[in-house]
Amino acid sequence: MELAGKVAVVTGASSGIGAATAQRLAEAGMHVVAAARRRERLDELAAADARVHPFTADVADPDAVRALAAHTAATFGACHVLVNNAGINAGRRLQGPADLDELARTLDVNLMGAARCMAELADLLRASAPARVINVGSVAGKVAAGMPGYGASKFGLVGLSEHARPRWLRDGVAVCQVNPGFVRTEGFPQRGLSGTPAERIIATADDVAGAIETVARSGQAERTVPRWYRAVVVLRHVAAPVWRLAGSRL
Ligand SMILES: NC(=O)c1ccc[n+]([C@@H]2O[C@H](COP(=O)([O-])OP(=O)(O)OC[C@H]3O[C@@H](n4cnc5c(N)ncnc54)[C@H](OP(=O)(O)O)[C@@H]3O)[C@@H](O)[C@H]2O)c1
């Protein structure tokens, strides 16, 4: 799909992968509605590129997501690419009732936030077809790694994408996943890897933004960033007992 002149909505555009994606898609000639809660960050992006249009929205707030969709329809009359990138990194284990609130909040932002955006923008995406929904999942949505609330939200997002794709494709909307591995950003500082040999496998936000731009053009179902992390996913599925044994040792 040619991107120039078309319209994208990017959530979580105020930092990290979302900010890099908004910049990239704008450089590709798209009008980008950049959504997040921190308006001043969005204004900085817009000041650097007039094709970026800031919109303040919390994806956990149904009214705010409805307003985002209405604003996009009223201002541009189309949405060709929706990038569901807004996400939080929940740090707690699930050990007792005190951990449930954080788990629920994580699901609400990372999973329901994407579902809300898909639902509210569905009509506009269909009317703009060919179009894409790009859900930013995670390798942690394919293999168990890290905290259970975060992993559950990303497994859920992968499932949402895979279930929605066949039906949405009939209307010309390709629902795609981009699953990053470790990326150093504000919300995911990767402190545990600092100073270790594993630091070399950390990707950049721009690596992921580049993959998102490629998927926006191609509509491919799934892309892992960096690509070689797919080997880990394959190992998990073809040799699950080996994976579980390794997980229990770690
Ligand atoms: N970094 C990694 O290692 C990694 C790996 C795999 C997947 N991912 C995924 O990549 C996505 C982007 O993360 P990142 O690494 O770029 O982290 P980041 O720099 O912390 O960015 C997160 C973005 O999400 C936004 N956000 C958070 N809660 C929101 C809400 N309720 N409503 C609207 N926007 C919200 C934040 O903006 P405001 O605070 O301004 O709202 C921010 O722009 C996330 O979905 C994350 O799970 C990251």
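In each ligand, atom 1 is the first atom listed, and ligand 1 is the first ligand listed.
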**Message:** Taking CZ in Arg230 as the centre, count heavy atoms belonging to other residues, nucleotides or ligands within less than 6.0 Å. Is the count above 12?
**Reply:** no
**Complete:** Rounding to 0.5 Å, atoms OG (Ser128) and NZ (Lys6) come to a distance of 10.0 Å
**Pick from Pro180, Gly87, Ala36, Ala22: the one approaching atom 24 (O) of ligand 1 most closely through a non-hydrogen atom** = Gly87
**Item:** Test item, Asn110 contacting ligand 1 (heavy atom, 4.0 angstrom)
**Value:** no
**Request:** State whether the shortest distance between N or O atoms of Gly12 and N or O atoms of ligand 1 falls below 3.5 angstrom.
**Result:** yes
**Request:** Looking only at protein heavy atoms, identify the closest one to atom 32 (N) of ligand 1 and say how far it is in Å.
**Result:** Val59 N, 2.9 Å
**Asked** Is Ala35 close to ligand 1, meaning an N/O of one under 3.5 Å from an N/O of the other?
**Response** no
**Sub-4.0 Å heavy-atom approach of Arg184 to ligand 1** = no
**Prompt:** Which residue holds the protein heavy atom closest to atom 35 (C) of ligand 1, what is that atom called, and what is the gap in Å?
**Reply:** Ala86 CB, 3.7 Å
**Verdict with reasoning, Cys117 to Leu82, per side-chain contact (heavy atoms from CB on, under 4.5 Å)** = CA-CA 8 Å; Cys117 291; Leu82 164 63; 4.1 Å; yes
**Protein heavy-atom partner closest to atom 12 (C) of ligand 1 - residue, atom, separation in Å** = Asn85 OD1, 3.1 Å
**Request:** State, without any angle test, whether Glu222 and Asn179 hold a side-chain donor-acceptor pair at a distance under 3.5 Å.
**Result:** yes
**Asked** Which of the numbered atoms in ligand 1 are below 4.0 angstrom from a heavy atom of Gly16?
**Response** 16 (O), 19 (O)
**Asked** Could an N or O of ligand 1 be found under 3.5 Å from any N or O of Val183, whether backbone or side chain?
**Response** yes
**Message:** Quick test: of every protein heavy atom, which one is nearest to atom 28 (N) of ligand 1, and how far off is it to 0.1 Å?
**Reply:** Arg37 NH2, 3.2 Å
**Request:** Could you say whether the N/O atoms of Gly18 and ligand 1 ever approach to under 3.5 Å?
**Result:** no
**Prompt:** For ligand 1, which atoms sit closer than 4.0 Å to a heavy atom of Phe182?
**Reply:** 3 (O)
**Prompt:** How far is atom 13 (O) of ligand 1 from its nearest protein heavy atom, and which residue and atom is that?
**Reply:** Phe188 CE1, 3.7 Å
**Message:** Considering non-hydrogen atoms of the protein only, which is the closest contact for atom 18 (P) of ligand 1, and what is the distance?
**Reply:** Ser15 OG, 3.5 Å
**Prompt:** Under 30°, 30 to 60°, or over 60°: which ring-plane class applies to His31 and His53, parallel, tilted or perpendicular?
**Reply:** tilted
**Request:** Give the contacting part of Ile88 toward ligand 1: side chain, backbone, both or neither, where contact means a heavy-atom distance below 4.0 Å.
**Result:** side chain
**Message:** Is there a polar contact between ligand 1 and Ser14, counting only N or O atoms under 3.5 Å apart?
**Reply:** yes
**Item:** Test log, rule side-chain hydrogen bond (donor to acceptor under 3.5 Å, both in side chains), inputs Ser15 and Arg38
**Value:** CA-CA 9 Å; Ser15 65; Arg38 286 172 294 173; 3.2 Å; yes
**Prompt:** What atoms in ligand 1 come closer than 4.0 Å to a heavy atom of Gln190?
**Reply:** 2 (C), 3 (O)
**Prompt:** Does atom CZ of Phe182 have more than 12 heavy-atom neighbours from other groups under 6.0 Å away?
**Reply:** no
**Request:** State, to 0.1 Å, how close Ala114 and Asn84 come at their nearest heavy-atom pair, and which atoms those are.
**Result:** O-ND2, 3.5 Å
**Item:** N-O pairing of Arg116 and Asp58 below 4.0 Å
**Value:** no
**Asked** Just by distance, do the side chain of Asn85 and the backbone of Val136 share a donor-acceptor pair under 3.5 Å?
**Response** no
**Asked** In terms of residue, atom name and distance, what is the protein heavy atom nearest to atom 47 (O) of ligand 1?
**Response** Tyr150 OH, 2.6 Å
**Prompt:** Is there a heavy atom of Gly181 sitting under 4.0 angstrom from any atom of ligand 1?
**Reply:** yes
**Asked** Does Gly137 reach ligand 1, in the sense of a heavy atom lying below 4.0 Å from it?
**Response** yes
**Request:** Taking atom CZ of Arg39 as the centre, report whether more than 12 heavy atoms of other residues, nucleotides or ligands fall under 6.0 Å from it.
**Result:** yes
**Prompt:** Is the side chain of Lys142 donor-acceptor paired with the backbone N or O of Lys154 at a distance under 3.5 Å, no angle test?
**Reply:** no
**Request:** Please confirm whether Gly187 comes within less than 3.5 Å of ligand 1 when only nitrogen or oxygen atoms on both sides are compared.
**Result:** yes
**Message:** For the backbone of Val175 and the side chain of Arg165, can you confirm whether one donor and one acceptor N or O come within less than 3.5 Å of each other?
**Reply:** yes
**Asked** Looking only at atom types and distance, does a side-chain atom of Glu102 sit under 3.5 Å from a main-chain N or O of Arg92, one as donor and one as acceptor?
**Response** yes
**Request:** Heavy-atom distances under 4.0 Å are what count here, so tell me which part of Ala57 touches ligand 1: side chain, backbone, both or neither.
**Result:** backbone
**Request:** Nearest 0.5 Å please: distance from the CZ atom of Phe188 over to the CG atom of Asn89.
**Result:** 4.0 Å
**Request:** Classify the contact between Arg41 and ligand 1 as side chain, backbone, both or neither, using a heavy-atom distance cut-off of under 4.0 Å.
**Result:** neither
**Asked** Would one find an N or O of Arg38, backbone or side chain, under 3.5 Å from an N or O of ligand 1?
**Response** yes
**From Val178, Asp58, Thr11 - option closest to atom 30 (C) of ligand 1 by heavy atom** = Asp58
**Prompt:** Among protein heavy atoms, which sits nearest to atom 16 (O) of ligand 1, and what does the distance come to when rounded to 0.1 Å?
**Reply:** Ile17 N, 2.8 Å
**Item:** Main-chain N/O of Arg37 paired to Thr56 side chain as donor or acceptor, under 3.5 Å
**Value:** no
